[in-house]
Structures are given as structure tokens and as C-alpha cells.
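The structure appears right after this line, and notes come after that.
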Amino acid sequence: MNTLVLKVDPDKPDAAKIEVAAQIIKRGGLVAFPTETVYGLGADALNGEAVLRLFEAKKRPLDNPPILHVAEVRDVYPLVAEVSQKAEQLMKQFWPGPLTVVFKHSAIVPKESTAGLDTVAIRMPKHPVAAALIRQSKRPIAAPSANLSGKPSPTTAQHVYEDLNGRIDAIIDGGAADIGVESTVVDLSCDPPLLLRPGGTPFEALKAVLGDLQLHPFVQAESEIPVEKARSPGMMHKHYAPKAQVMIVEGNVEAVIGKIKQLAAEYKEKNAKVAVLATDETQAAYRAYVVRSMGSRHNLSTVASSLFRLLREVDAEGVDVILAESVPQEGIGLAVMNRLRKASGYHIIKA
Ligand code: TXA
Ligand code: MG
């Protein structure tokens, strides 16, 4: 399959190019597109066969359903059994934006879009390209992140191309994704509501609106969760993992720096190529084969927006070991730590 690349202005996408992509979606094809979080791989959510092709292209396990993307709040109603008052509040406050809400689904949603669950995950992206594509396709778009299953989520069209060239119909290139980690997933099909995946919308902001909001234990898990406890299928799957062994060193900053220096020296002694993922404030402390800053400790959104790109870039340098600093689990830091821990396969070292 030849993958078409459509380059657009992220703020004012060319309507003719969006129309080409919308036609592909309407006839059951696959189009990768930018959102404000990460790139998504889209298919017509109401066409079960098209959604199955998504799983094939990504080599994604069939038990892990995609998120359905809509362009208007009113497009949610036909897809769900009921919209609670809490759901209305969240949609009003946080949409369009990096928040996914889990509802009980209606009969029109094909089983391929829910992996046979009685719920469906829905979000309304803010990115003008995503919004334009959904509008012009005139249907909800099922879109998991546009990476091969298990790889870090793509934050540029180039990342999508590396993983999926030849496996999908088209990529809309709208530049780099802003936020850099995926949407926050909140389950409103249970009481009290449950945060299943931390992401671009902070837990603290959601709790302020909902009052009672529980963190699923997995969100801050320090080891792999038993299958029977997973409420979101994505919790069980290995994720974001580069080829190199990632280790995350947790503790207060001074102790973390000391421990990483010690580990870097030990691995160098064994002739291993070491990369250190540091922060703006700490990177000068290290000597290693590769030292990169993830961003500033005083602005964790800079860390979020570079994390997946850095995991790909450092891996491409052919290192054996990646030693990553931890950051505080506040605001978007909760999502950053969740992704880093998953990328490390829960190889966590306490400093
Ligand atoms: O920011 C995002 O959310 C990006 C962009 C493209 O919108 N999408 C994304 O999709 O990250 P994906 O497929 O990589 O992750 C979807 C997550 C998975 O963890 C999946 O298990 C969960 O949402 N999910 C989907 N349907 C669900 C459901 N009915 N109940 C619970 N979790 C669900
Ligand atoms: Mg994903």
C-alpha cells in the first residue's frame, strides 16, 4: 500500500486536502492525523471492518478498544446509553481538549469499536486538523495513537511514517503535537468516577469539578497490575518501550543525581552505552554517551511534550541503557511518571 502524505497548516488546514482524507475515512480506509495530544490513526468508528483494519495496521491486540473522536458534544448522544450530569459538566468544562470520557454505549456502536465491552471511550479533540477531519467525514472517528503497538506514541508525522508507512492510506502532517502525552481517561460508567489513565488534563482539575474522583491503583503502580484488576484493557499491555533497557530513578533530586551518576559509571565499566534523560536544571551534572534534557522541573508540560520524542531519539542512537530521572507526580507530572514507569517495564530504582 502506498501511504499518501498530506502536509497542512495546523491552524488553517487546506479544505481540499482534508476532503481527500475524509473520503478515505468514508470508504473505510485509515488516515493518521495530528491531535493536540499525540497523532491518532483514524477509521470510521461505525464501520466494524474499517476498525478491524486499525488493529491490523498497528498490530494491536484485539482486546484493547480505540477512543471515538467527535467534533461536537451533540455527536456523543447517539453513541451512548445515557449522559449523566457529571458527564455534561466534564464535557462543558474540558472539551474540546485532552479528556476522554467512558460511557455505557448504545446499540449503534459496533463491537470492534468497544472490543466487546459494554462501554465506549469518547473524546472531542481541540486540534483544528482533527476537528476538520471529523467534521468533513461526518461520522465519529475511532483513533488509537498512530504508533505500532508497544512503541512510544507519535508526536510528529515523521514518527507515524517510521512506524506505519505502507500499512495505512494516508498521513496528515500538521507539525508536532503540543501536549505530547495522550488524553486523560475518566470512567463515568461507575460510581464514584475512576481515572483510568492520567494524561493531558490534570487529575486535580477533574477532581475540582467532580468532587469524588478515584485514581485507579494502576495509575501510580510501581509494578505490573494483575489482569483481573485492570479496568482499562490498555493497562495490561506493554507500552512506550524502546529497545534499550529503561530504568527510572526515583527520589529527591540530589539523591537521584547521585544514584544516576553511580549507575552510569557502573554500566560504562561494563562497556554498555548509557543515555541519561535529565532535566534542564540537572543535565550539567552528568557525563555519559548521551545526555538529554526532557524539559524543566519548573514547567512539567515541557517534559510531557518531549518525552515520547526523546525515547525514540535516544533509542535510535543505539544505546543499551536509558537512565531516566523521575519528576514530581503533580499536574501533568502524573502522566509523565505513568508513561516512564511503563516504558521501563517497572524497572524502578529508589535513590
Ligand atoms: O490522546 C489520546 O487519547 C490519543 C489521541 C489520538 O486521541 N489516543 C489514544 O488512544 O491514546 P489509544 O488507543 O492509544 O489509547 C486508548 C486508551 C487505552 O488505554 C484503552 O484501553 C482505553 O483508552 N479505552 C478505550 N476504550 C475503553 C473503554 N470502553 N473502557 C476503558 N478504557 C478504554
Ligand atoms: Mg496508544
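When a ligand or atom number is given, it counts from 1 through the structure's own listing order.
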Examine [X] against ligand 1 and note whether any of their N/O atoms are separated by less than 3.5 Å.
X: Tyr39; value: no
X: Ser145; value: yes
X: His69; value: yes
X: Asn64; value: yes

Taking atom types as modelled and ignoring hydrogens, do the side chains of [X] and [Y] form a donor-acceptor contact shorter than 3.5 angstrom?
X: Asp280; Y: Ser293; result: yes
X: Gln85; Y: Gln89; result: no
X: Ser183; Y: Thr37; result: no
X: Gln245; Y: Tyr267; result: no

Taking [X] first and then [Y], would you say they form a salt bridge - that is, a charged N and a carboxylate O separated by under 4.0 Å?
X: Lys92; Y: Glu88; value: no
X: Asp191; Y: Lys86; value: yes
X: Glu162; Y: Arg312; value: yes
X: Arg167; Y: Glu56; value: no

Q. Touching ligand 1 at all, Pro98? Heavy atoms, strictly under 4.0 Å?
A.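 No, that is not the case, since the closest heavy atom of the residue is not under 4.0 Å from the ligand.
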(Q) Closer than 4.0 Å to some heavy atom of Leu117 - which atoms of ligand 1 meet that? (A)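 Answer for ligand 1: 28 (C), 29 (N).
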Q: For Gly40, counting its heavy atoms only, list the atoms of ligand 1 lying under 4.0 Å from any of them.
A: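 Per the distance check, 6 (C).
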From [atom], work out which of [options] has a heavy atom at the shortest distance.
atom: atom 26 (N) of ligand 1; options: Ala115, Pro65, Pro144; result: Pro65
atom: atom 29 (N) of ligand 1; options: Leu54, Val186, Thr119; result: Thr119
atom: atom 15 (O) of ligand 1; options: His216, Arg123, Arg197, His127; result: Arg197
atom: atom 16 (C) of ligand 1; options: Asn147, Leu194, Ile67, Ile141; result: Ile67

**Q.** Residue portion contacting ligand 1 (non-hydrogen atoms closer than 4.0 Å) for Thr114
**A.**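 Contact part for Thr114 vs ligand 1: neither.
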Q.
Let's go through Ser153 and Glu182 carefully: what are the C-alpha distance in whole Å and the side-chain angles of both, what is the deciding distance for side chain to side chain donor-acceptor pair (under 3.5 Å) to 0.1 Å, and is it a yes or a no?
A. CA-CA 8 Å; Ser153 292; Glu182 303 88 340; 2.5 Å; yes
Q: Tell me, please, if Ser145 has any N/O/S atom, main chain or side chain, under 2.8 Å from the Mg ion (ligand 2)?
A: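 Checking Ser145: at least one N, O or S atom is under 2.8 Å.
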